[in-house]
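Comments concern the structure below.
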Amino acid sequence: MSRDHVQSAERSADNAETPFLQLLARGAPAEAYEQPVLLARAESCPAARVAALEEAKLLALRVRSEMEGRRRREAELSALFETAHDLAGLRDVDAVLRAIVQRARSLLGTDVAYLSLHDEAEGDTYMRVTEGSVAARFQQLRLGMGEGLGGLVAQTARPYVTDDYFKDDRFQHTRAIDAGVQDEGLVAILGVPLMIGPHVIGVLFAADRRARIFEREQIALLGSFAALAAAAIDTANRLTETRSALDRLGRAHEIIRDRSGVIERASDIHDRLAELVLRGGGVHDVAAAVSEVLDGTVEFTGTDTAPSAALQASRAEGHAVRHGQDWVAAVAAGGELLGALVLGGHPGLDPVDQRTLERAAMVTSLLLLARRSAAEAEQRVRGELLDDLLDARDRDPRLLRERATRLHADLDAVHVVLAARLDTTAADADREADARRRLWSAASHLAATGHGLAAARDGGTVLLLPLGPDETATDLARRTAGQLGTAVHEAVTVGASAPLEALAAHPEAVAAAYAEGQRCLEALRLLGRAGDGAAAEDFGFLGLLLAGDRDISGFVGRTIGRVVDYDQQRGTDLLRTLDAYFACGMSPARTKDDLHVHVNTVAQRLERVGRLLGEDWQSPARVLEIQLALRLHRLSTAARH
């Protein structure tokens with residue numbers, strides 16, 4: 001081929017992206033991206049041109065997929081915050097509920113969406129809002145408490161989904177409900193509870209007339225809409241109560257005038273919160289905005305630092321609660337407690353300002369959920385790297401270091417491998433799987449914030465965490481057990497390996513260390529120390545069996561090291577006295593004969609031993625350890641000489 005032809009082919013490859021950029025610019029459908037390639041082949045273009053077009057097509061399709069995903073997430077967030085803004089200026093609760101149902105149906109792409117509420121007077125539930133329904137009998141359904149899929153959701157206060165309603169026997173079928181569902185032609189149904197505090201007041205549904213699997217993100221999204229719907233109903237009820245109180249007191253004009261400034265502040269904060277979210281603000285930006293409006297100091301705190309009693313009360317009641325001179329509003333989503341907004345030094349809080357704090361907590365929960373999806377992607381990458389280390393699949397130190405660096409981890413630092421497992425067993429497989437997911441999520445968060453790695457393994461979780469400069473493996477194990485237990489609200493047992501160095505150069509050491517951590521974990525459970533953390537060094541002579549490297553010198557040092565040092569520094573015979581004492585059945589009288597010294601000398605030496613080893617040195621467990629350490633010391637000394 002001539003040079004001109006080669007240059008022409010290169011120019012063709014260089015501008016191969018142009019037609020695909022044009023397709024991206026006008027938002028063309030995916031099938032349109034095949035046209036430039038087909039056209040090039042039909043025109044018998046050079047192979048380099050066709051290959052370049054193929055490569056550009058794949059890249060453009062990936063960009064298009066990413067753009068569609070971003071647009072979808074933006075649409076979800078926009079709909080949620082539009083709904084939250086509707087609540088700020090709530091006038092017609094039916095209009096807000098209709099908007100919620102319409103947006104839920106649109107974003108989930110279902111055939112039908114509907115919302116049912118409890119009727120306290122009649123003792124049953126009824127359809128409040130439907131969208132996409134065509135069957136009159138379905139729209140007029142009234143369900144007895146505990147009946148149908150909605151009854152199961154209401155009883156458990158948890159989301160439930162069925163991909164085939166009529167084949168699902170987890171809930172109670174009735175003739176009236178089944179007839180209505182059959183008239184509507186529904187097959188797959190997802191239901192999430194509407195809750196005010198701990199009480200379920202209704203159910204929000206999304207349904208299809210064909211079999212369908214609802215993704216976790218879709219369940220979470222519908223749950224967010226349900227929270228907004230419950231807030232709308234709660235707000236409407238409170239507005240009704242307020243109006244009734246005003247009528248009874250006959251002071252409507254004065255109260256409205258007094259509250260006008262507060263209401264304006266509430267509207268202002270909702271506008272600010274919406275603006276913050278749209279421009280990518282974080283939870284601390286929300287706290288700062290609320291601080292300015294409420295003329296106080298609002299801070300976001302985690303579940304481990306917030307006042308525990310007030311946090312649980314706020315979560316149970318669904319409202320901000322007073323705690324001394326402060327107010328605490330729980331930040332929760334889908335039944336999960338994420339933290340709290342704490343308003344400090346403001347004991348006399350106006351009811352409208354209290355609602356402002358509560359709604360700010362709701363917006364904060366939405367922000368945290370949005371950021372969790374990104375965090376989960378990083379958690380999966382951390383787990384993949386740790387899996388490769390455990391299986392020693394990637395033995396290239398340079399590549400291992402590069403992968404770790406991207407995750408802000410340093411494989412050249414001293415690390416400890418920790419095996420963690422929940423101590424309780426759930427009543428059913430779903431709850432046990434949920435508990436394990438919560439443990440993995442908490443461990444992944446701990447690893448991300450501590451520059452380590454975490455992965456799910458063997459029914460529990462394994463972590464690789466850096467060891468602090470003044471920290472032992474035992475300290476790290478106990479701290480990790482406490483942090484994970486607090487995060488999942490259950491006892492978590494943690495076994496730790498001995499410290500490891502240069503992991504990138506010796507990845508095979510991670511698997512051995514994990515096995516050692518598992519042995520320590522099982523030892524803790526067998527010894528009745530579930531919910532605790534420990535390393536092999538904590539088990540005395542049992543640690544020799546648990547440790548992967550059989551650290552005999554470490555065991556001897558921990559057990560009788562102070563006596564050995566005392567003899568070496570002062571030239572005494574405390575070790576020989578201990579040997580004779582145990583050989584003579586722990587009898588001072590026989591010991592003095594064996595050593596050819598006075599009995600008072602034996603007593604004085606044993607008293608010194610007690611001060612060095614502790615008052616319990618003659619307890620059965622300690623005696624066994626000390627005798628084993630004496631024998632190992634004697635053997636090691638003889639080997640050196």
Side-chain angles (χ1 to χ4, degrees), residues 93-196 199-216 218-230 232-233 236 428 430:
V93 67
D94 287 329
V96 175
L97 294 180
R98 280 195 300 272
I100 289 172
V101 173
Q102 289 168 358
R103 290 165 184 163
R105 180 195 176 200
S106 174
L107 287 175
L108 270 68
T110 57
D111 298 323
V112 182
Y114 51 100
L115 184 150
S116 67
L117 293 179
H118 294 336
D119 187 334
E120 298 293 341
E122 297 294 331
D124 60 7
T125 63
Y126 64 96
M127 292 289 188
R128 177 69 178 267
V129 182
T130 63
E131 176 68 21
S133 172
V134 295
R137 177 157 54 175
F138 180 78
Q139 297 169 14
Q140 298 169 5
L141 273 178
R142 296 189 74 93
L143 295 72
M145 297 298 292
E147 298 177 350
L149 178 66
L152 182 61
V153 174
Q155 283 181 339
T156 61
R158 293 177 55 198
Y160 271 88
V161 60
T162 178
D163 56 2
D164 193 331
Y165 175 86
F166 289 99
K167 292 182 180 179
D168 200 329
D169 58 1
R170 291 177 300 167
F171 49 84
Q172 178 184 352
H173 288 266
T174 68
R175 181 178 301 176
I177 300 174
D178 287 356
V181 173
Q182 190 170 23
D183 281 358
E184 195 63 58
L186 300 182
V187 177
I189 303 176
L190 164 64
V192 297
L194 277 69
M195 303 188 68
I196 296 179
H199 305 295
V200 179
I201 63 168
V203 180
L204 178 60
F205 300 88
D208 259 352
R209 296 188 176 94
R210 64 188 185 282
R212 170 178 177 170
I213 301 298
F214 287 94
E215 302 295 337
R216 182 174 59 183
Q218 295 172 324
I219 297 174
L221 178 61
L222 193 64
S224 297
F225 276 118
L228 292 174
I233 295 168
D428 57 63
D430 289 342

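None of these values were measured; they are calculated from a predicted model. Residues: numbered from 1 along the sequence shown.
- R209 places a side-chain N or O within donor-acceptor distance of the main-chain N or O of E184, the cut-off being under 3.5 Å.
- Environment of CZ in R170: crowded, with over 12 heavy atoms of neighbouring residues, nucleotides or ligands closer than 6.0 Å.
- P193 is not listed as a side-chain neighbour of R158, based on a closest heavy-atom distance of 4.5 Å or more.
- Closest non-hydrogen pair, V203 versus G150, comes out as CG2-O, 3.7 Å.
- Here the straight-line distance linking atom CG of L141 with atom CD of E147 works out to 10.5 Å at 0.5 Å rounding.
- Nearest approach of R212 to G109, heavy atoms of both residues: NH1-O, 3.3 Å.
- Ring pair H173/Y165 is perpendicular by interplanar angle, where above 60° counts as perpendicular and below 30° as parallel.
- Here the straight-line distance linking atom CG of L115 with atom CZ of F225 works out to 12.5 Å at 0.5 Å rounding.
- Side-chain contact between Y126 and S116 is absent, with no heavy-atom pair separated by less than 4.5 Å.
- Between the side chains of Q139 and T130, not a single donor N or O lies within less than 3.5 Å of an accepting N or O.
- The shortest side-chain heavy-atom distance between R142 and E122 falls under the 4.5 Å cut-off.
- Nearest heavy-atom pair across R105 and A113 is CB-CB, 3.6 Å.
- Distance alone, capped at 3.5 Å, is enough to place a donor-acceptor pair between the D208 side chain and the D111 backbone.
- Proximity of a side-chain donor or acceptor of T156 to a complementary backbone N or O of L152 within less than 3.5 Å is detected.
- Although no hydrogens or angles enter the test, the distance criterion places no donor-acceptor pair under 3.5 Å between the side chain of T110 and the main chain of S106.
- Rounding to the nearest 0.5 Å gives a distance of 10.0 Å between CG of D124 and NE2 of H118.
- Closest of all the heavy-atom pairs between A206 and L108 is CB-CD2, 3.9 Å.
- The closest donor-acceptor contact from the side chain of Q218 to the backbone of E215 lies under 3.5 Å.
- For Y114 and F138, the ring centers are positioned less than 6.0 Å apart.
- Side-chain atoms of I189 and V161, non-hydrogen and from C-beta on, never get closer than 4.5 Å to each other.
- To the nearest 0.5 Å, atoms CG (D163) and CD1 (I213) are separated by 4.5 Å.
- Note that the CD1 atom of I201 and the CD1 atom of I233 stand 4.0 Å from one another [nearest 0.5 Å].
- Using a 4.5 Å cut-off on side-chain heavy atoms (C-beta onward), L190 and I219 make contact.
- At a threshold of 4.5 Å between non-hydrogen side-chain atoms, the residues Q172 and T174 count as touching.
- Among all heavy-atom pairs drawn from A104 and L222, the shortest one is CB-CD1, 3.8 Å.
- Contact of the Y160 side chain with the L149 side chain is registered, since non-hydrogen atoms from C-beta on lie closer than 4.5 Å.
- Screening L117, V200, L97, L228 for a side-chain contact (heavy atoms from CB on, under 4.5 Å) involving L194 leaves a single residue, L117.
- The side-chain contact (heavy atoms from CB on, under 4.5 Å) test with V101 singles out one residue from V129, V96, V112, and that residue is V129.
- Atom-to-atom distance recorded for D119:CG and R128:CZ is 11.0 Å, nearest 0.5 angstrom.
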